Number of protein chains: 2
Amino acid sequence: MNPDALRGHMDALLLSVVEAGPLHGYAIIEALQERSGGALSVPTGTVYPALRRLERVGHLSSEWATVGGRKRRTYRLTDSGRKQLEGERSAWREFTSAIGSVLSPGPEAP
Amino acid sequence: MNPDALRGHMDALLLSVVEAGPLHGYAIIEALQERSGGALSVPTGTVYPALRRLERVGHLSSEWATVGGRKRRTYRLTDSGRKQLEGERSAWREFTSAIGSVLSPGPEAP
DNA sequence: CTCTATATGTAGGTGGTCTAGATAAGGGAG
DNA sequence: CTCCCTTATCTAGACCACCTACATATAGAG
């Protein structure tokens, strides 16, 4: 997967993964891999800063938890984040539609 | 359209637009707008350097023409570019599939 | 003459992502 | 006990595709 292709879609991916329930960063990375059928392997150096950015703008909130001696920062979708995710989903549809119509070799039918 | 979303898909768009026949930069920008239903308005500062980059790597070739006193640099898809476009199209399908499966709220069926 | 459309190009800035490395604790293998 | 893998988080710095803004030039309309 070309890294540049993810530009501008990272937020949607992260928000979508934590939609069902709170998750910590490491689990988010695994969830991305799993739900994409292994196609998405996003490095930690991308995910952790992105999560902090999303928290900074208010789309996520976080709290620390300790499970089995391991410290985790668990992220939760805020109301703002839920609205944002809605917007991201419709933006995604518009985006794929626009690119798809340029990429598809078929000429317009009369 | 969020500019970042286009990252990594510009090549596919440009190659696809010149697939049917040679076009010059200005016409390529108009074709992108038209074929996307107005969704894609890519600035000249993006397109011209991108076209030069694609020529540098051999996916496009160019020649100057003068039409009605205006100078145009007309770009043509090379064999290498045609192969590249094929690859870009399949990459696009994989990309949309991967993102789509993460973004879609539906849980996997048993 | 002025303004718009056509047409191409560059310099410099932005910012999200990646690379690479640091830190730390649990648990199994040997 | 020691080594190593997994789990878990974080940051500094580099990269580079894209954008903004500007410069240049001709044709044609008003």
Side-chain angles (χ1 to χ4, degrees), chain A residues 1-15 17-18 22-34 40-57 59-60 62-75 84 88 91 95 98-99, chain B residues 1-15 17-18 22-34 40-57 59-60 62-75 84 88 91 95 98-99:
Chain A
M1 174 75 60
N2 170 24
D4 276 332
L6 288 195
R7 276 273 192 145
H9 307 291
M10 205 61 231
D11 292 10
L13 293 174
L14 297 176
L15 295 176
V17 162
V18 296
L23 278 181
H24 61 288
Y26 196 85
I28 288 174
I29 294 173
E30 290 182 317
L32 281 176
Q33 277 194 343
E34 194 187 346
L40 296 178
S41 46
V42 192
T44 67
T46 297
V47 170
Y48 288 115
L51 289 172
R52 289 175 150 278
R53 177 171 48 79
L54 286 170
E55 184 178 18
R56 200 175 62 237
V57 298
H59 296 330
L60 293 177
S62 77
E63 49 189 43
W64 283 98
T66 302
V67 178
R70 256 63 161 279
K71 279 179 188 170
R72 296 172 173 175
R73 189 198 282 269
T74 305
Y75 288 93
Q84 180 68 19
E88 298 275 7
F95 173 72
I99 307 293
Chain B
M1 174 75 59
N2 171 24
D4 276 334
L6 288 195
R7 277 273 189 144
H9 308 291
M10 207 58 232
D11 292 10
L13 293 174
L14 296 176
L15 295 175
V17 162
V18 296
L23 278 181
H24 61 287
Y26 196 84
I28 287 173
I29 294 173
E30 290 181 317
L32 281 175
Q33 277 194 344
E34 195 187 344
L40 296 178
S41 46
V42 192
T44 67
T46 296
V47 170
Y48 289 115
L51 289 172
R52 290 175 150 277
R53 177 170 47 80
L54 287 171
E55 185 178 18
R56 200 175 63 237
V57 299
H59 296 330
L60 294 176
S62 77
E63 49 190 40
W64 283 99
T66 302
V67 177
R70 257 57 161 286
K71 280 180 187 171
R72 296 173 173 175
R73 189 198 281 268
T74 305
Y75 288 92
Q84 180 68 19
E88 298 275 7
F95 174 72
I99 308 292

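Below, chain A is the first sequence line, B the second, and so on; all start at residue 1. Note that this is a predicted model, so its numbers are computed, not measured. When reading the values below, keep in mind they use all heavy atoms of this one structure, side chains included, and skip hydrogens, waters and symmetry mates.
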- line: Across all chains, not counting sequence neighbours, the side-chain hydrogen bond (donor to acceptor under 3.5 Å, both in side chains) partners of B:Arg7 are none
Base-contact (B) and sugar-phosphate-only (S) positions in nucleotides 2-9 of chain D, heavy-atom cut-off under 4.0 Å, - elsewhere: ----BBBB
- line: To the nearest angstrom, the CG-P distance between B:Leu54 and D:dC16 comes to 16 Å
Integer-rounded Å distance: C:dG15 C1' and B:Asn2 CG: 12 Å
- request: Spell out, as yes or no, whether a donor-acceptor pair under 3.5 Å connects the side chain of B:Glu55 to the backbone of B:Ser62.
  value: yes
task: Could you state the atom-to-atom distance from CG of A:Leu51 to P of D:dT11 in whole Å?
output: 12 Å
message: Working to the nearest 0.5 angstrom, can you tell me the gap between B:Lys71 NZ and B:His24 NE2?
response: 15.0 Å
query: To the nearest angstrom, how far is A:Arg53 atom CZ from D:dC10 atom C1'?
result: 16 Å
Distance in Å, B:Tyr48 OH paired with B:Ile28 CD1, rounded so as to fall on 0.5 Å steps: 8.5 Å
- request: Scan B:Gly45 against the nucleic acid and name what it touches under 4.0 Å (heavy atoms): base, sugar-phosphate only, or nothing.
  value: base
query: Rounded to the Å, how far apart are B:Leu14 CG and D:dA17 P?
result: 13 Å
field: Spacing of B:Leu23 atom CG relative to C:dT6 atom P, expressed in whole Å
entry: 15 Å
- request: Describe, in one word, how the ring planes of A:His9 and A:Phe95 are oriented to each other, choosing from parallel (under 30°), tilted (30 to 60°) and perpendicular (over 60°).
  value: tilted
message: In whole Å, I'd like the distance from the CG atom of B:Leu6 to the P atom of C:dG16.
response: 16 Å
- line: Output for pair (B:Gln84 CD, B:Leu54 CG), nearest 0.5 Å, gives 8.0 Å
query: Whole-Å distance between C:dG9 P and B:Arg56 CZ?
result: 14 Å
